[in-house]
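Just follow the structure's listing: the first ligand is 1, and inside any ligand the first atom is 1.
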Amino acid sequence: MTIPLSRPPVDDEIKRAVLAAIDSRQYILGPECRQLEAEFAGYVGASHAVLTSSGTAALWMTLKALGVKAGDEVLVPAHTAFPTVEAICFTEATPVFLDVDDSYTLDPAEAAAKITPRTVGMIPVHLYGQPVNVTAVQELASRYGLWLLEDCCQSHGAAWQGKKVGSFGRAGAFSFYPSKNLTVMGDGGIIVTNDDEVAARCRRLRDHGRLNKDVHAEVGFNLRFNEIQAAVGRVLLRRLDAMNERRRQLAARYGERLAGLPAGLPVERSGAHHVFHLYVIRTDQRDALARFLRERGIQTGIHYPVPCHRQPAVDSLNAPSLPRTERIVREILTLPLSAGHTEEEIDQVAAAVREFFAA
Ligand SMILES: *Cc1c(COP(=O)(O)O)cnc(C)c1O
């Protein structure tokens, strides 16, 4: 039996919600979507939430709503999923890449050094489920008059000093991709904000820039969401805290079983509530360990092997080198973890990792 990297939830309660949405004969932006938006906004502690077709769409819509345009510079960590950067490129602004700190998130000191008169904002990414140092990032943003758009695509339910991520910046963007902490049986995303104008503009952008049925105030796109998936999201949002708690317990179990090995284990930053979207370890024997685990039926991942500033798609930016990012991408390895994994599976993976280092 293989142990998968992630196992999304499927059960009768979810299936019943899907069937009910099918029977409603309303498929796009109907009552399930409106209720999920209200419930998600309430969960994060924001006044608005706007559903859309993916996390990438959520990031792009928000940047567009913030007025980001060609010539603007946006600070972004190089160590993130490429969509974070792609959304910036899609607005024709320039991504300015930042190196990582010890917790795999952006280094606020380096961000300060890279601010120029063209800098308009920053996208801190709460990577792997761990919040960035929100206090440092907020201080920087207010000192230089920058907006913050939190990329929360890996951190649904994570918190900084007791407050949920997504509620600190001008807006927060989330993804519901099937491996994420909150899923909808397909693609999906949502933004949260306390800014009435950003919310209104995102609602417009996701539906062809429509003011009403017949009038288009600007050019948007079709980035709408659907009732069947919103129904799934509502069921799973009610379980999100329990699923995150489960991830934390399994991560702690790895921590106990892998202690003392010559591998770097994840550390929860002081002030942070980490929701372990991914359990990432570090070793200079990464490739050999991945091979060893694969031979034993254990899936692993690398998030991410090619840092964003080295992607061929952004070659023309001639981004300067980021030594810490370039080093860690050769050493990181993601072990299986999701709310759907069993203790036995975690123990089996941990035992195999120990066996590798004992050899
Ligand atoms: C998943 C992810 C995205 C993109 O979300 P999609 O729903 O796949 O478009 C963006 N940023 C980060 C950090 C992600 O993990």
Chemist: Heavy atom under 4.0 Å from ligand 1: found in Pro83's side chain, backbone, both, or neither?
Modeler: side chain
Chemist: Go through ligand 1 atom by atom and flag the ones less than 4.0 Å from a non-hydrogen atom of Gly55.
Modeler: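 Numbered from 1, ligand 1 contributes 5 (O), 6 (P), 7 (O), 9 (O).
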Chemist: Do me a favour and list the nearest non-hydrogen protein atom to atom 11 (N) of ligand 1 with residue, atom name and distance?
Modeler: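 Going by distance alone, atom 11 (N) of ligand 1 is nearest to Asp151 OD2, 2.8 Å.
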Chemist: Do Glu268 and Arg248 meet the salt-bridge criterion of a basic N to acidic O distance under 4.0 Å?
Modeler: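 Yes, charged N to carboxylate O under 4.0 Å.
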Chemist: Any salt bridge linking Arg170 with Glu197? Criterion: basic side-chain nitrogen under 4.0 Å from a carboxylate oxygen.
Modeler: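 Salt bridge flag = no for Glu197 with Arg170.
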Chemist: Roughly how far, to the nearest 0.5 Å, is CZ of Arg206 from CZ of Phe225?
Modeler: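 Atom-to-atom, Phe225:CZ and Arg206:CZ are 10.5 Å apart.
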Chemist: Where's the contact between Thr56 and ligand 1, heavy-atom distance under 4.0 Å: side chain, backbone, both or neither?
Modeler: both
Chemist: Out of Lys180, Glu86, His277, who gets a non-hydrogen atom closest to atom 1 (C) of ligand 1?
Modeler: Lys180
Chemist: How far is atom 10 (C) of ligand 1 from its nearest protein heavy atom, and which residue and atom is that?
Modeler: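 Sorting protein heavy atoms by distance from atom 10 (C) of ligand 1 puts Cys153 SG, 3.5 Å first.
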Chemist: Quick test: of every protein heavy atom, which one is nearest to atom 15 (O) of ligand 1, and how far off is it to 0.1 Å?
Modeler: Gln154 NE2, 2.8 Å
Chemist: Do Arg296 and Phe292 form a cation-pi contact, if we require the NZ or CZ to be under 6.0 Å from the six-membered ring centre and within 45 degrees of the ring's axis?
Modeler: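 Judged by the rule, Arg296 and Phe292 form a cation-pi pair.
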Chemist: Mark up the atoms of ligand 1 that fall under 4.0 Å of a heavy atom belonging to Ser54, in ascending order.
Modeler: 7 (O), 9 (O)
Chemist: In Å, rounded to the nearest 0.5 Å, how long is the span from CZ of Phe176 to CG of Asp187?
Modeler: 11.5 Å
Chemist: Let's go through His303 and Thr334 carefully: what are the C-alpha distance in whole Å and the side-chain angles of both, what is the deciding distance for side-chain hydrogen bond (donor to acceptor under 3.5 Å, both in side chains) to 0.1 Å, and is it a yes or a no?
Modeler: CA-CA 7 Å; His303 301 88; Thr334 308; 2.8 Å; yes
Chemist: Is a salt bridge present between Lys69 and Glu92, judged by a nitrogen-to-oxygen distance below 4.0 Å?
Modeler: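 Between Glu92 and Lys69 there is no salt bridge, as every charged N stays at least 4.0 Å from the carboxylate O atoms.
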Chemist: Counting both backbone and side chain atoms, is some N or O of Val125 under 3.5 Å from an N or O of ligand 1?
Modeler: no
Chemist: Which of the numbered atoms in ligand 1 are under 4.0 angstrom from any heavy atom belonging to Thr80?
Modeler: 13 (C)
Chemist: Any N/O of Ser175 closer than 3.5 Å to an N/O of ligand 1?
Modeler: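 By distance alone, the answer is yes.
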Chemist: Less than 6.0 Å separating the ring centroids of His277 and Tyr128?
Modeler: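 Not under 6.0 Å, so no.
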